[in-house]
Amino acid sequence: MDRPAGAGEGLAADAGQLGARAVLPPSLRPRLALIAVLAALVVVALGVLYSGHSAPGAVDRWIFPPTADSVGPPWRQVALVLDFLGEPAGSAMVIVAGVVGCLLVRRPRAAVLVVVGAGATVGTTTVLKHVVGRTIHGPGNLSYPSGHTAFATALAVMAALLATDRLGLGRTAGTSLVLAAGLVAGAIMGWAEVGLGAHYPTDALGGWCTALAVIPASAWLVDRTADLLSDRSAGRTADAGRRAPR
């Protein structure tokens, strides 16, 4: 069947629009890149400072001395629920819910970011724990940085990036939303982990900064990969249109 002139180019343009909505809004990229670099420096600095330690530092003792009964009922139950959401079973449920939510609002890139971002954040904290070697409550209980805090912060930052795009927020408002969401989520999960005696306060700070460093990089990587795949698909469609009989 003959095609009208320009049909191939039109299909290529349509294909190029698929997944074109960036998960890392261009207006936020410079500021979040700077924040990511600063956060990475904090993670490294704290890691060097507490490498091989097995006791709370002066800052930890000043902020919140970790003990097994730092939080009593009913708040202990709240802390336990939050802790469960960072465990493998709980985090899997949260990730699935996040992916489904992104697909329902037709943001496949955001769905990919939820998986990639969460995986990269948890993977980074796991590696850092073995590199730093800080422990709590005896050998083998690696504590720096807090994976639970990093995971919660990562989810909040990714949700804020999606909200920034959907609400059409500008550079200042969008950056503020991302930082505020990450801070609130990190503080809440950090409180739970320190209150339950699973981490030192500086572990929570390290986890928070890890997420702030990893998520912008993960979002950029998802956008870059999606753009490359979209360009290749559009190119193949355009070539097919030009070769079709007219």
Minimum side-chain heavy-atom gap [X]-[Y] below 4.5 Å:
X: L169; Y: L177; value: yes
X: C102; Y: L162; value: yes
X: Q77; Y: V81; value: no
X: F151; Y: L85; value: no
X: C209; Y: L205; value: yes
X: V59; Y: P201; value: no

Spacing of [atom1] belonging to [X] relative to [atom2] belonging to [Y], to within rounding of 0.5 Å:
X: L196; Y: W191; atom1: CG; atom2: CH2; answer: 7.5 Å
X: T124; Y: K129; atom1: OG1; atom2: NZ; answer: 12.0 Å
X: R171; Y: T164; atom1: CZ; atom2: OG1; answer: 13.5 Å

Check your understanding: Would you find more than 12 non-hydrogen atoms of other residues, nucleotides or ligands less than 6.0 Å from R29 atom CZ?
Key ->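 Counting neighbours around CZ of R29, more than 12 heavy atoms of other residues, nucleotides or ligands fall under 6.0 Å, so yes.
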Side-chain heavy atoms nearer than 4.5 Å, only ILVMFWY residues, links allowed to pass through others: does that put [X] and [Y] together?
X: W62; Y: Y50; answer: yes
X: L221; Y: L113; answer: yes
X: V157; Y: V214; answer: no
X: V112; Y: L161; answer: yes
X: V116; Y: L24; answer: yes

Main-chain N/O of [Y] paired to [X] side chain as donor or acceptor, under 3.5 Å:
X: S91; Y: P88; answer: yes
X: N141; Y: I136; answer: yes
X: R134; Y: L142; answer: no
X: Y144; Y: A204; answer: no
X: T225; Y: V222; answer: no

Practice item. State whether R21 and D227 are salt-bridged, where the test is any N-O pair (Lys NZ or Arg NE/NH1/NH2 against Asp/Glu carboxylate O) under 4.0 Å. Key: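 A salt bridge is absent here (no side-chain N lies under 4.0 Å from a carboxylate O).
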How close do [X] and [Y] get, heavy atom to heavy atom, and via which atoms?
X: A181; Y: A160; result: CB-CB, 3.9 Å
X: T202; Y: L46; result: O-CD1, 4.0 Å
X: A150; Y: A211; result: O-CB, 3.4 Å
X: S146; Y: E193; result: OG-CG, 4.2 Å
X: T149; Y: G186; result: CG2-O, 3.5 Å
X: A36; Y: A213; result: O-CB, 3.6 Å

Exercise for review: Decide side chain to side chain contact (heavy atoms under 4.5 Å, CB included) for T153 and M189; before the verdict, give the C-alpha distance in whole Å, the side-chain angles of both, and the deciding distance to 0.1 Å.
Suggested key: CA-CA 8 Å; T153 303; M189 183 61 83; over 6 Å; no
Practice item. List the steps, then state whether side chain to side chain contact (heavy atoms under 4.5 Å, CB included) holds for V94 with L155. Key: CA-CA 9 Å; V94 173; L155 290 176; 3.2 Å; yes
Point to revise | Pair E87-H148, side chain to side chain contact (heavy atoms under 4.5 Å, CB included): steps then yes or no | key: CA-CA 8 Å; E87 294 294 321; H148 284 64; 3.0 Å; yes
Review point. Will you find, in the side chains of D203 and S143, an N or O donor that is under 3.5 Å from an N or O acceptor?
Key: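 Note: D203 and S143 side chains meet the donor-acceptor criterion.
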**Study point:** Working for side chain to side chain contact (heavy atoms under 4.5 Å, CB included), residues W220 and V23
**Key:** CA-CA 8 Å; W220 178 86; V23 289; over 6 Å; no
